[in-house]
2 protein chains.
Amino acid sequence: MKKKSYNHFFMNFANKTKFDIIMALRDRPLSVLEIVKKVGKEQSAVSHDLRSLARCHILNSKKKGKQRIYSLNKRTVLPLLKIVERHVKKYCKRCKL
Amino acid sequence: MKKKSYNHFFMNFANKTKFDIIMALRDRPLSVLEIVKKVGKEQSAVSHDLRSLARCHILNSKKKGKQRIYSLNKRTVLPLLKIVERHVKKYCKRCKL
DNA sequence: TGATTATATGATTTCTTTTTCATATGAACA
DNA sequence: TGTTCATATGAAAAAGAAATCATATAATCA
């Protein structure tokens with residue numbers, strides 16, 4: 001079992017900015033600049049995060065002129081988020097987290 | 001949306017030891033000492049991790065004499081692992097992670 | 001009550017991840 | 001070709017998380 005793969009995978013959801021990026025891409029694919037605007041972080045920081053997300057195949061990307069468009073791996077991410085949403089709603093109503 | 005809840009939740013899967021603990025509890029509930037043996041870490045480190053896992057309701061616990069027995073929140077954890085296992089098998093065949 | 005066993009806690013050190021900054025690459029187009 | 005816009009990269013600084021250590025609590029039982 002590839003433990004490191006799991007660690008990296010989950011790390012991408014555990015980090016605030018990376019999680020924001022995932023959420024930003026739920027509705028539709030976006031270019032880097034659009035993502036930068038949505039999540040309100042430095043371009044460079046976002047690029048680093050995108051790299052990490054794409055390396056784990058949480059995001060896909062394709063070029064479009066001089067832009068790069070990132071999109072969500074919905075097959076994995078949507079059902080995953082659904083499970084965790086249910087969990088958080090159930091258990092984190094009035095917890096301090 | 002409780003972003004911090006999500007971050008903490010995923011952090012418990014992203015960390016090597018915590019992930020090991022989750023895996024150790026897949027078959028059956030265990031006492032702290034049993035978990036310590038299984039994951040091969042210091043008792044104190046394991047206790048810290050158990051606290052964090054239980055705070056997010058990934059684990060439940062109950063006392064039994066002077067022991068404390070930890071068990072998995074299967075409803076959330078099992079389907080989650082299933083999704084990620086599929087993902088890792090599909091994408092991380094020969095990746096370096 | 002005091003000794004023993006099981007687990008938890010808090011503070012500090014150590015390690016990893018994230019942010020930031022400066023700069024590089026690469027595509028489009030005048 | 002040179003300028004501009006979009007994105008990526010690498011290294012160093014800053015922040016955050018985990019491991020460690022010493023000690024505390026809590027339950028059991030002699």
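All heavy atoms count here, side chains included; hydrogens, waters and symmetry mates do not. Chain A is the first sequence line, chain B the second, and so forth, proteins listed ahead of strands; every chain is numbered from 1.
Taking 4.0 angstrom as the limit, B:Tyr70 places none of its side-chain polar atoms (N or O) nearer than this to OP1 or OP2 of C:dA6.
No salt bridge links A:Glu34 with A:Lys64; every basic N to acidic carboxylate O contact stays at or beyond 4.0 Å.
Nearest nucleotide to the side chain of A:Lys18, out of C:dT19, C:dT18, C:dG10: C:dT18. Side-chain atoms of B:Gln43 lie closest to C:dA8 of the nucleotides C:dA8, D:dT20, D:dA8. Checking C:dT20, C:dT17, D:dC21 against the side-chain heavy atoms of B:Glu42 singles out D:dC21 as nearest.
Put simply, the side chain of A:Ser44 and the base of D:dT9 share a donor and an acceptor less than 3.5 Å apart. Interface remark: the B:Ser47 side chain does not form any donor-acceptor pair with the C:dT9 base, using a distance-only criterion of under 3.5 Å. For C:dA27, the base has no donor-acceptor partner in the side chain of A:Gln67 [N/O atoms by modelled type, under 3.5 angstrom].
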For nucleotides 3-5 of chain C, which of its nitrogen or oxygen atoms have a protein nitrogen or oxygen under 3.5 Å away, and what is each distance?
from	atom 1	to	atom 2	distance (Å)
C:dT5	O4'	B:Lys66	NZ	3.4

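B:His48 places its NE2 atom 17 Å from the P atom of C:dC15, with the value rounded to the nearest Å. Atom CG in B:Leu50 sits about 15 Å away from atom C1' in D:dA19, given to the nearest Å. Distance CZ (A:Arg68) to P (C:dA24): 21 Å, rounded to an integer number of Å.
Under the 3.5 Å distance criterion, the side-chain polar atoms of B:Lys2 are matched with a main-chain donor or acceptor of A:Lys93. Panel note: side chain B:Asn15, backbone B:Met11; no donor-acceptor pair is recorded below 3.5 Å. A distance-only check finds a donor-acceptor pair linking the side chain of B:His87 to the backbone of A:Cys56 [under 3.5 Å].
The two residues B:Lys41 and B:Val36 have their closest heavy-atom pair at O-CG1, 3.3 Å. Here the closest heavy-atom approach between residue B:Leu72 and residue B:Arg26 is recorded as CD2-CA, 4.1 Å.
Of the residues near DNA chain C, A:Lys64 and B:Leu33, the one whose nearest nucleotide (by heavy atom distance) lies more toward the 5' end is B:Leu33. For the pair B:Arg51 and A:Asn15, both in contact range of DNA chain C, the more 5′-proximal nearest nucleotide belongs to B:Arg51.
Bending across the helix from C:dT1-D:dA30 to C:dA30-D:dT1, expressed as the angle between its end axes from five pairs apiece, amounts to 10° (10° rounding).
Heavy atoms of other residues, nucleotides or ligands lying less than 6.0 angstrom from CZ of A:Arg75 number 12 at most.
Between A:Phe10 and B:Phe13, the angle of the ring planes lies from 30° to 60°, which puts this pair in the tilted group.
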